[in-house]
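Whatever order the structure lists them in is the order used to number ligands and atoms, beginning at 1.
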Amino acid sequence: MDATPSLSLFNEAYESRTAPWVIGEPQPAIVELERAGWIRSKVLDVGCGAGEHTIMLTRLGYDVLGIDFAPHAVAQARENAAAKGVDARFEVADALRLGTEPGYQTVVDSALFHIFDDADRARYVRSLHTACRPGGVVHVLALSDAGRGLGPQVSEADIREAFTDGWELEALDTAIYRGVVQEAQAEAVGLPVGSRVDEPAWLARVRRL
Ligand SMILES: C[S@@+](CC[C@H](N)C(=O)[O-])C[C@H]1O[C@@H](n2cnc3c(N)ncnc32)[C@H](O)[C@@H]1O
């Protein structure tokens, strides 16, 4: 497992507009989760990036906060929301130190879990535990180790082993994560820069006990 990527690496991806996960729309798997009734306020969109999920859920009437530790991500998310005419809330904050307030009913993690190394993953899951209400649900959409390398990838066991004490893993399904190939991924994925790809992913539903 590679070390957790640095803050500067993420900031740089936003500044240079080379983030393969910025696709200008919400992930299909998250859209589907909402349609299926799996989102309840208050919602935390953790590692919100360009803000598509916070924007979608705010527009649909949910009480949602998008957080990201990269100031450039939050700036881009705010611009994105303004351009779409949605009064969405974003803050710069670290997912590894979420604190205990205000008690989220739903956490949407789209492509954050998979970036952490083993030590940070354990810290992240402990941080999520403090942020969720008892009975709250975390949805994890993570790139799968069956993929071609659009980004960091995790195995089914990585997810199962992360959510043990204090959690119940209610569902773990295969899904897709949509991305846009950039220079850095073109060789691994075997497609030209700018290609849209649907990569194999895991979609987990985990309940905080
Ligand atoms: C792969 S991107 C996914 C962005 C977005 N959720 C999406 O699916 O388009 C991961 C995001 O998590 C953010 N991130 C990484 N580590 C973080 C941390 N410790 N706390 C908060 N955000 C973090 C990065 O800045 C980046 O925006």
Side-chain angles (χ1 to χ4, degrees), residues 1-34 39 43-58 64-81 84 88 90-99 104 106-128 130-131 138-144 147 149-154 162 175-182 184-185 196-199 201-204:
M1 176 79 217
D2 292 338
T4 304
S6 65
L7 170 60
S8 57
L9 192 140
F10 283 107
N11 258 327
E12 153 70 19
Y14 288 102
E15 235 183 337
S16 59
R17 308 256 162 188
T18 56
W21 57 85
V22 176
I23 59 170
E25 61 180 357
Q27 288 292 327
I30 306 296
V31 172
E32 190 46 46
L33 270 182
E34 193 283 326
I39 308 288
V43 184
L44 180 67
D45 177 14
V46 67
C48 64
E52 296 294 345
H53 305 118
T54 299
I55 294 168
M56 171 185 80
L57 296 173
T58 302
V64 49
L65 175 67
I67 66 144
D68 202 290
F69 79 161
H72 284 94
V74 169
Q76 207 167 303
R78 287 182 177 144
E79 280 169 25
N80 193 9
K84 290 181 163 122
F90 298 99
E91 280 175 15
V92 175
D94 186 352
L96 300 180
R97 294 179 192 81
L98 288 172
Y104 291 98
T106 309
V107 176
V108 174
D109 170 334
S110 171
L112 177 60
F113 177 92
H114 69 214
I115 73 146
F116 293 122
D117 61 24
D118 292 346
D120 284 340
R121 189 178 302 146
R123 288 173 67 202
Y124 174 54
V125 170
R126 283 197 299 274
S127 176
L128 283 175
T130 65
V138 179
H139 298 286
V140 178
L141 178 65
L143 283 169
S144 150
L150 184 72
Q153 302 178 162
V154 291
I176 60 126
Y177 186 83
R178 185 160 291 170
V180 181
V181 176
Q182 304 289 344
Q185 302 85 40
R196 282 171 90 81
V197 282
D198 284 349
E199 285 292 287
W202 301 108
L203 181 61

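Ring-plane geometry between W21 and Y14 is classed as perpendicular, the angle between the planes exceeding 60 degrees on a 0 to 90 degree scale with a lower cut at 30. Below 30°, between 30° and 60°, or above 60°: for F113 and Y124 the angle between ring planes is between 30° and 60°, a tilted geometry.
By the 3.5 Å distance cut-off applied to N or O atoms, S110 is counted among the residues near ligand 1. Taking distance alone, with nitrogen or oxygen atoms compared against 3.5 Å, D68 approaches ligand 1 more closely than that limit. Polar contact check, L96 against ligand 1: no nitrogen or oxygen pair lies under 3.5 Å apart. The N/O atoms of Q27, backbone and side chain alike, include none that comes under 3.5 Å of an N/O atom in ligand 1.
Per-residue contacts place A95 under 4.0 angstrom from the following atoms of ligand 1 (heavy atoms of the residue considered): 18 (C), 19 (N), 20 (N), 21 (C). Ligand-side atoms of ligand 1 in range of D94: 18 (C), 19 (N), 20 (N), range being under 4.0 angstrom from any heavy atom. Close approach of ligand 1 to A93 is summarised as follows: ligand atoms under 4.0 Å from at least one heavy atom of the residue are 20 (N), 21 (C). In the vicinity of L112, heavy-atom distances shorter than 4.0 Å reach the ligand 1 atoms 12 (O), 14 (N), 15 (C), 16 (N), 17 (C), 23 (C). Of all atoms in ligand 1, numbered sequentially from 1 with element shown, those under 4.0 Å from a heavy atom of A70 are 25 (O). Heavy-atom contacts of Y177 reach the following atoms of ligand 1: 7 (C), 8 (O), 9 (O) (cutoff under 4.0 Å). If you number the atoms of ligand 1 from 1 as listed, the ones under 4.0 Å from a heavy atom of Y14 come out as 26 (C), 27 (O).
Rounded to the nearest 0.5 Å, atoms CG (L141) and NE2 (H53) are 7.5 Å apart. Taken from CZ in R126 to CG in L128, the straight-line distance is 11.5 Å, to the nearest 0.5 Å. To the nearest 0.5 angstrom, E25 atom CD is 4.5 Å from R196 atom CZ. Atoms CD1 and CD, on I30 and E52 in that order, are 12.0 Å from each other to the nearest 0.5 Å. A distance of 5.0 Å separates CZ of R123 from CZ of R97, quoted to the nearest 0.5 Å.
Of the heavy atoms in Y124, none comes closer than 4.0 Å to ligand 1. Counting heavy atoms closer than 4.0 Å to ligand 1, residue I115 contributes side-chain atoms (C-beta onward) but none from N, CA, C or O. At a heavy-atom cutoff of 4.0 Å, ligand 1 is contacted by both the backbone and the side chain of W21.
Of the options Q76, K84, R78, a side-chain hydrogen bond (donor to acceptor under 3.5 Å, both in side chains) to N80 is made by K84 and by none of the others. Partner of V197 under the side chain to side chain contact (heavy atoms under 4.5 Å, CB included) criterion, chosen from I176, I23, L150: L150.
Between V108 and V64 there is no side-chain heavy-atom pair separated by less than 4.5 Å. Annotation: side chain of Y104 is in contact with side chain of L65 (closest heavy-atom distance under 4.5 Å).
For atom 10 (C) of ligand 1, the nearest protein heavy atom (residue, atom name, distance) is A111 O, 3.5 Å. Given atom 4 (C) of ligand 1, the protein heavy atom at minimum distance is G47 O, 3.3 Å. Considering only non-hydrogen protein atoms, atom 23 (C) of ligand 1 sits nearest to F69 CD2, 3.3 Å.
In this structure, D94 contributes its side chain and F69 its backbone to no donor-acceptor pair below 3.5 Å.
A50 does not count as a contact of ligand 1, since none of its heavy atoms falls under 4.0 Å from the ligand. The closest approach between G151 and ligand 1 stays at or above 4.0 Å for every heavy atom of the residue.
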